[in-house]
Amino acid sequence: MSGSSVSPQALAKLPPAVHTGYVDAYASSLQTVFLIAVPIAALAFLLAWLLPEIELRRTTAAVDPGETFAMPAQRTSLQEVERALSVLARRESRRGIYERLGERAGVEIAPADCWMLLRCHDHPDATIAQLAQRLGVPGARLAPLADRLTSRGLIDGRRPLCQRP
């Protein structure tokens, strides 16, 4: 039998004197381990009380405000993720998000133009009037954005507005 590990069956076959000595040595070693571990754990617990409390970000709570008073909507998993991301994006710096999107796409584009390009992607068959109505934005605000995107060749200016060139 090896000295590194002993099965209970092998331990039961040992002579009584060796069996008792082995069990006593094992119990003594466990006692030593716990006598050392308990003060270390107690010290770690006390030091944890000295750590400063840092409040976590609150942007992770993406509750749908409509679900608090209305019947729950039937959404797919993808639609739920899109909704949660849009709620979180509203809380973050929108301008910075659209700047980073333009940079990642490798296109030098103003944040407002990037926003308009994304709306065109979301509603490819919409005219300016339809897009303004869907978004609740005055058409007069969308027209200059669409004109800039059309002049750069990023969208087709013909009806429907957001067709690709």
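Any value given below was found using the heavy atoms of this structure, including those in side chains, with hydrogens, waters and symmetry copies removed.
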Problem - With Thr76 via side-chain contact (heavy atoms from CB on, under 4.5 Å) - residues at least two apart - result: Leu78, Gln79
Problem - Ala132 to Pro138 - nearest heavy-atom pair and separation - result: CB-C, 4.1 Å
Fill in the blank from the handout: CD1 of Ile128 to SG of Cys120, rounded to nearest 0.5 Å, is 8.5 Å
Exercise for the section: Only counting residues at least two apart or in another chain, list the ones meeting side-chain contact (heavy atoms from CB on, under 4.5 Å) with Val81. Expected result: Leu85
Practice task
Among residues two or more places apart or on two chains, list those pairs meeting side chain to side chain donor-acceptor pair (under 3.5 Å) that have a residue in residues 134-149.
Solution key: Asp113-Arg148, His123-Arg134
Distance-only donor-acceptor hits, side chain of residues 31-52, under 3.5 Å, sequence neighbours excluded:
unit_1 : atom_1 : unit_2 : atom_2 : d
Thr32  : OG1    : Ser28  : O      : 3.0

Handout entry: Euclidean distance, Tyr22 OH relative to Leu11 CG, rounded to 0.5 Å
Key = 6.5 Å
Result block: side-chain N/O donor-acceptor pairs under 3.5 angstrom for residues 103-111, not counting sequence neighbours:
none

Completion exercise
Output for pair (Met116 CE, Thr150 OG1), nearest 0.5 Å, gives 8.0 Å
Completion exercise
The reported gap from CG in Leu101 to CG in Leu117 (rounded to nearest 0.5 angstrom) is 10.0 Å
Handout entry: Partners passing side chain to side chain donor-acceptor pair (under 3.5 Å) against Glu82 (at least two apart in sequence or in another chain)
Key = none
Practice task
Working to the nearest 0.5 Å, report the span between CZ of Arg119 and CG of Leu142.
Solution key: 10.5 Å
Practice task
Verify the cluster assignment for Tyr26 and Val23: are they in a single hydrophobic cluster under the rule of side-chain heavy atoms below 4.5 Å apart?
Solution key: no
